[in-house]
Amino acid sequence: ETAAAAEAAHLAEKKRLEGALAKEQALRVTDAENSAKLEAAAEARLTQQKKVMAESASAAKTHYEAAIRRLEDLLSDERTRREELARQKAALQEGMDVLNREYDD
């Protein structure tokens, strides 16, 4: 009877240990799955951030290129305006020279 009780206790302890081992293995699998999910989510976030940064850089480049074109246009307009003013000044000076010659004569 004592041997049967000891055998029963031994089997109960063996089952308890096997159950604990199975739980530990299940936790390790779950832990590995969760780690893989977290890693995939982090990778997806990183990919999304890279995409957003690339789009932002592209938008900034487009913005700066447009600003440069506007400044170049303004510079061209200013050159044209100065050339026109120089022509008008020359025409006025020529008119004054003609008047002065006529006045001196």
Side-chain angles (χ1 to χ4, degrees):
E1 211 173 281
T2 338
E7 182 66 24
H10 175 71
L11 287 175
E13 179 64 13
K14 183 179 175 183
K15 281 190 173 195
R16 187 188 71 74
L17 289 174
E18 286 171 349
L21 180 60
K23 281 184 181 178
E24 176 66 26
Q25 288 173 341
L27 286 175
R28 286 183 185 187
V29 168
T30 302
D31 208 24
E33 289 170 348
N34 287 341
S35 291
K37 288 177 186 175
L38 287 173
E39 187 176 329
E43 188 66 35
R45 277 194 305 277
L46 180 61
T47 300
Q48 180 62 26
Q49 287 174 343
K50 285 179 181 178
K51 181 181 173 188
V52 167
M53 289 174 64
E55 290 170 353
S56 178
S58 176
K61 180 181 176 188
T62 301
H63 170 76
Y64 287 121
E65 287 171 343
I68 288 169
R69 282 192 300 277
R70 285 192 303 273
L71 288 173
E72 288 171 344
D73 290 346
L74 286 173
L75 183 58
S76 176
D77 292 349
E78 180 64 18
R79 284 185 187 130
T80 302
R81 188 184 71 78
R82 286 180 183 220
E83 289 168 359
E84 179 59 28
L85 285 174
R87 280 192 291 276
Q88 290 177 6
K89 180 181 176 184
L92 287 173
Q93 188 63 51
E94 187 179 324
M96 289 209 29
D97 291 346
V98 168
L99 283 176
N100 282 337
R101 278 194 302 273
E102 288 177 4
Y103 181 74
D104 289 341
D105 290 344

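All heavy atoms count here, side chains included; hydrogens, waters and symmetry mates do not. The structure displayed is predicted, hence computed values, not measured ones.
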For Arg81, which residues count as a side-chain contact (heavy atoms from CB on, under 4.5 Å) partner, sequence neighbours excluded?
Glu78, Leu85
Under 3.5 Å, side-chain donor or acceptor atoms of residues 5-16 against the rest of the protein: list the pairs with distances, not counting sequence neighbours.
from	atom 1	to	atom 2	distance (Å)
Glu13	OE1	Arg16	NE	3.2
Glu13	OE2	Arg16	NH2	2.7

With rounding to the nearest 0.5 Å, note down the distance linking CG in Asp97 to CD in Gln93.
4.5 Å
Start with the C-alpha distance between Glu24 and Arg28, add both sets of side-chain angles, then the distance that settles salt bridge (charged side-chain N to carboxylate O under 4.0 Å, His left out), and finish with yes or no.
CA-CA 6 Å; Glu24 176 66 26; Arg28 286 183 185 187; 3.1 Å; yes
Using a side-chain heavy atom cutoff under 4.5 Å and only I, L, V, M, F, W and Y, what cluster partners does Leu71 have?
Leu74
Taken in chain and number order and not counting sequence neighbours, the residues that satisfy side-chain contact (heavy atoms from CB on, under 4.5 Å) with Asn100 are none
Test item: Ser35 side-chain N/O and Asp31 main-chain N/O as donor-acceptor pair under 3.5 Å:
yes
Is a salt bridge present between Glu72 and Arg69, judged by a nitrogen-to-oxygen distance below 4.0 Å?
no
For the backbone of Ser58 and the side chain of Thr62, can you confirm whether one donor and one acceptor N or O come within less than 3.5 Å of each other?
yes
Using residues 39-46 as the side-chain source, report each donor-acceptor pair under 3.5 Å to any protein atom, sequence neighbours left out, with the distance given to one decimal.
none

Partners meeting side-chain contact (heavy atoms from CB on, under 4.5 Å) with Gln25 (sequence neighbours left out):
Leu21
In this structure, CG of Asp73 is separated from CD1 of Ile68 (nearest 0.5 Å) by 12.0 Å
Just wondering, more than 12 heavy atoms not from Glu55 lying within 6.0 Å of its CD?
yes
